[in-house]
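One structure is given below, encoded as structure tokens.
None of these values were measured; they are calculated from a predicted model.
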Amino acid sequence: MSGDHSDATVARRVRRLETLLEEKGLLTGGELDETIDAFLSGASPASGARVVARAWTDPAYKARLLADGTAAVGELGFMEGTYQRLRVVENTETTHNVIVCTLCSCYPLRLLGPSPSWYKSEAYRSRVVREPRVVLAKFGLDLPDDTDITVWDSSAETRYMVLPRRPDGTEHLTVDELADLVTRYALIGTAAV
């Protein structure tokens, strides 16, 4: 897929689509605003953190999440009505995962909230693929040399979320307390938790 995917170009295309929807009488400006507001109302990294906390405390849910992320997050009421497939990749003692969208900035917005500005930057999108260990170190995540790093490239059809490793010493925490530990950066893979 080629073409100009700059923010200005995308913004112009979105505005043109909005105008066409209004001109054709398919939606009014108010209905469009309500639809966008409803779409974004649950878009928060707290949603992804709840998914992770559930996976950390429920082995059967974790297995379903890793097998079919879309269905598993649907069990918790997330990503309903979306056409994208969600794939959840698990960090282990020997493997660390990080996500990127090299084409533009595809991202599981409903689970992670609006993407950080750096996620959309050309520097991150190109460098994390070539030098993931260097990029992660810039985020303060220094991994042992023997840790394998896998970079997952999101697309319009498939979005990724990282299942970070549960921190040691958290066995006594509740699901809500565990969810409070999980950051958006961990869900992207640029932090441990």
Which atom names give the shortest non-hydrogen contact between [X] and [Y], and what distance separates them?
| X | Y | value |
| --- | --- | --- |
| Tyr107 | Gly113 | CE2-O, 2.8 Å |
| Val88 | Leu65 | CG2-CD1, 3.6 Å |
| Ala179 | Ala49 | O-CB, 3.4 Å |

Decide yes or no for [X] and [Y]: does some side-chain heavy atom of the first lie under 4.5 Å from some side-chain heavy atom of the second?
| X | Y | answer |
| --- | --- | --- |
| Tyr124 | Phe139 | yes |
| Val100 | Pro132 | no |
| Arg50 | Phe78 | yes |
| Val89 | Leu163 | no |
| Thr170 | Asp168 | no |
| Thr190 | Leu141 | no |
| Trp56 | Lys62 | no |
| Pro108 | Gln84 | no |

ILVMFWY network linking Ile99 to Val129, side-chain heavy atoms under 4.5 angstrom: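 Both belong to a single hydrophobic cluster.
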
Shared hydrophobic cluster for Val175 and Val52 (ILVMFWY, side-chain gaps under 4.5 Å):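 No, because Val175 and Val52 fall into different hydrophobic clusters, even though each may have its own neighbours under 4.5 Å.
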
Straight-line distance of Lys138 NZ to Arg127 CZ, nearest 0.5 Å: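 Rounded to the nearest 0.5 Å, the NZ-CZ separation comes out at 5.5 Å.
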
Are side-chain N/O atoms of [X] and [Y] paired as donor and acceptor at under 3.5 Å?
| X | Y | value |
| --- | --- | --- |
| Arg125 | Ser121 | no |
| Trp118 | Tyr185 | yes |
| Thr102 | Asp153 | yes |

Main-chain N/O of Ala72 paired with Arg64 side-chain donor or acceptor, under 3.5 Å: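 Checking the backbone N and O of Ala72 against the side chain of Arg64, no donor-acceptor pair under 3.5 Å is found.
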
Carboxylate-amine/guanidinium contact Arg165 Glu90, below 4.0 Å: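 No.
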
Within 6.0 Å of CZ in Arg54, more than 12 heavy atoms from elsewhere: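 Atom CZ in Arg54 is crowded, with more than 12 foreign heavy atoms closer than 6.0 Å.
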
Atom CD of Glu171 with >12 non-hydrogen neighbours under 6.0 angstrom: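 Above 12, so yes.
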
